[in-house]
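Below is one structure, written out as structure tokens, with a few remarks after it.
Within every chain, numbering begins at 1; the chains are lettered A, B, ... in the order of the sequence lines, protein sequences first and strands thereafter.
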Amino acid sequence: MAENITSRAEDYSKWYTDIVLNAKLADYSPVKGCMIIRPNGYAIWEKMQAALDKMFKDTGHENAYFPIMIPESFMKKEAEHVEGFSPECAIVTIGGGKELEERLYLRPTSETIIWSTYAKWIMSYRDLPILINQWANIIRWEMRTRLFLRTTEFLWQEGHTAHSNAPEAEEEVSRMLNVYAEFAEKFIALPVIKGKKTESEKFAGAIYTVCIEAMMQDRKALQSGTSHYLGQNFAKAFDVTFLNQSGERELAYATSWGVSTRLIGALIMAHSDDNGLVLPPKLATVKAVIVPIWKSDEERNIVLEYCKKIEGYLKEKDINYKLDDRDQYKPGYKFSDWEMQGIPVRIEVGPKDIQKNAVVLFRRDTMKKEFGIPLEKTGEEVLKLLDDIQNNLFNKALEFRKEFTFFVNDYEEFKKKIEDPGGFLVSHWCESPECEEKVKEETKASIRCIPFDEELRGSDGKCIVCGKPAPGRVVFAKAY
RNA sequence: CGGGGUGUAGCGCAGCCCGGUUUAGCGCGCCUGCUUUGGGAGCAGGAGGUCGGAGGUUCGAAUCCUCUCACCCCGACCA
């Protein structure tokens, strides 16, 4: 058991923080609520960026960059938007030692600055669609912050598209939600539930919001990505009009969608254990670490020489690895060190293995060792393991979610279940804000989404709260 | 903003209640050397703090008083 990490059973919240700090993913900054993303953490983000960026490009999007400072007047143009975001904005009031004529908001999201720009770019239906994404940092002055899950400044990507008609825009909204779901499941090995947000949970300024929701190991929900249909709200606010084929002036239709470094938090909470971080191989920069074992200097030379062969087989398969030849640590120390950092596979090699012309493979997810792997098969066996780990993590997370997803029809049972064992409670809801609010107040569970999945949604029934007719089930859970 | 907690060496802490034998101590880490190395090594030597900040009480303050700052955890708000 790792000495520096609080167990999940003892204190889940502390466990999470311990993982982040001990795996060297992030550190606290001098400014409250901000975080320093360390190389280990940033490497995960770079992997996520690379995979997502490719998916965005494959769906026809281009990257651009808009400024971090937004004139106050822009922020105030869309009523719901201002109301939603104003309380959590940081505002620049002084520049060059002088009070500014107009205050500048540090972006909490970029709809306003982008749509004010689109007004200049969009004249004709021929200018549409515009499919732009940007990788950026965002400032939201949150009351309570947690490393990766909710920080004052965070990194994300935000897609902002403009379309000539509603169906096309709505198609974009669901296309990008699917991209997020695919990314979560394939790369983070995180099963997600796709669905629509309720009115009270939707994005400020949107017609509707769709999202992906995932279950963490403490059975709480984490919203992992959102895609918004903004209709003509922002086009109206920023006067973005175009002439359609019939020569009529029309307002453009908008979408926006984003995922953030919060996904790193999701990755941690979904897979890691009491020994430290567990990285899904597809998001691990270093896939394998070689730990050589020796007694004498003579042995050291022999083992390190043997390691070169191993390295050859890894390079052959294009596996990024690290050789831990540090002299000041014993093997045991190195084992736990790399386990803490979540490296998927460890290759152990000492005199005994060399005698057999073999290596020992260790997999991080199950903590199991396999002895006597023939040296020349190292590359292919590691590849196989990486694949297996990736699949295993996904399946484990999926089974866990199934185990703690309950179809509940009785409010008393609901109240009991949400406390113990917790999880996703799938129940009928009459769609009234009152019932939604009541559940929130009485149980602290919120409606995570109205699921698209038919098995979850089911058919009509009676609202779990008021008993009135309900069109289908929704997913309730306590959330981050 | 409400509740709780903490600021003493790079990290984790003790000392504070009952001011003075403390030149402020312990563990981890760090440096040097030797022995070690298949699950977080051992011994020896060494470097490193003025006790969050300001003011006050006192012959004397890490310790008592006042003010202040910061951070962490739990809630209300949120990706």
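Residue side chain A:Glu339 reaches the base of B:G39 through a donor-acceptor N/O pair under 3.5 Å, judged by distance alone. Judged by distance alone with a 3.5 Å cut-off, a donor-acceptor contact links the side chain of A:Asp353 to the base of B:G38.
Comparing atom distances between the A:Arg346 side chain and each of B:G38, B:G39, B:A79 picks out B:G39 as nearest. Each of B:G39, B:U37, B:C78 was ranked by its minimum atom distance to the side chain of A:Arg150; first place goes to B:C78. Listed candidates were B:G39, B:G38, B:A79. Nearest to the side chain of A:Val360 is B:G38. Considering only side-chain atoms of A:Tyr329, the nucleotide from B:C74, B:G40, B:C30 that sits closest is B:C30. For A:Glu142, whose side chain is taken as the heavy atoms from C-beta onward, the closest listed nucleotide among B:C78, B:G38, B:U37 is B:C78. Each of B:G39, B:A79, B:G38 was ranked by its minimum atom distance to the side chain of A:Phe335; first place goes to B:G39. The side chain of A:Glu348 lies closest to B:G39, out of B:C30, B:G39, B:U37. Which of B:G39, B:A41, B:A79 sits closest to the side chain of A:Tyr333 comes down to B:A41. Closest contact between the side chain of A:Thr17 and the listed nucleotides B:C78, B:G38, B:C73 involves B:C73.
Straight-line distance between the P atoms of B:G49 and B:C26: roughly 15 Å, to the nearest whole Å. For the C1' atoms, the distance from B:U63 to B:G10 is 25 Å, rounded to whole Å. Distance check on atom C1': B:C64 versus B:C51 gives 16 Å, rounded to whole Å.
A salt bridge does not link A:Asp420 to A:Lys416: none of the charged nitrogens lies less than 4.0 Å from a carboxylate oxygen.
With hydrogens and angles disregarded, no donor-acceptor distance shorter than 3.5 Å links the side chain of A:Arg175 to the backbone of A:Thr59.
Within 4.0 Å (heavy atoms only), A:Ser296 reaches no atom of the nucleic acid at all. Residue A:Lys369 is classed as a base contact, given a heavy-atom separation below 4.0 Å to a base. Using a 4.0 Å heavy-atom criterion, one finds that A:Ser446 contacts no nucleic acid atom at all. Note on A:Thr226: nothing from the nucleic acid sits closer than 4.0 angstrom, heavy atoms only. Using a 4.0 Å heavy-atom cutoff across all strands shown, A:Lys352 reaches at least one base atom of the nucleic acid.
With a 3.5 Å ceiling on both atom-pair distances, B:U22 lacks any Watson-Crick or G-U wobble partner. Base pairing of B:G29: no nucleotide in any strand meets the Watson-Crick or G-U wobble criterion (both distances under 3.5 Å).
Under a cut-off of 6.0 angstrom, the local environment of CH2 in A:Trp135 is crowded, with over 12 non-hydrogen atoms contributed by other residues, nucleotides or ligands. Summarising the local packing, NZ of A:Lys309 is surrounded by 12 or fewer heavy atoms from other residues, nucleotides or ligands at distances under 6.0 Å.
One finds no side-chain N or O of A:Thr109 lying less than 4.0 angstrom from the OP1 or OP2 phosphate oxygen of B:A79. At least one side-chain nitrogen or oxygen of A:Lys330 sits closer than 4.0 Å to the OP1 or OP2 atom of B:G38.
Toward the 5′ end of RNA chain B lies the nearest nucleotide of A:Lys334, the other residue of the pair A:Lys334 and A:Ser13 mapping further downstream.
Aromatic ring centres of A:Trp257 and A:His61 lie closer together than 6.0 Å.
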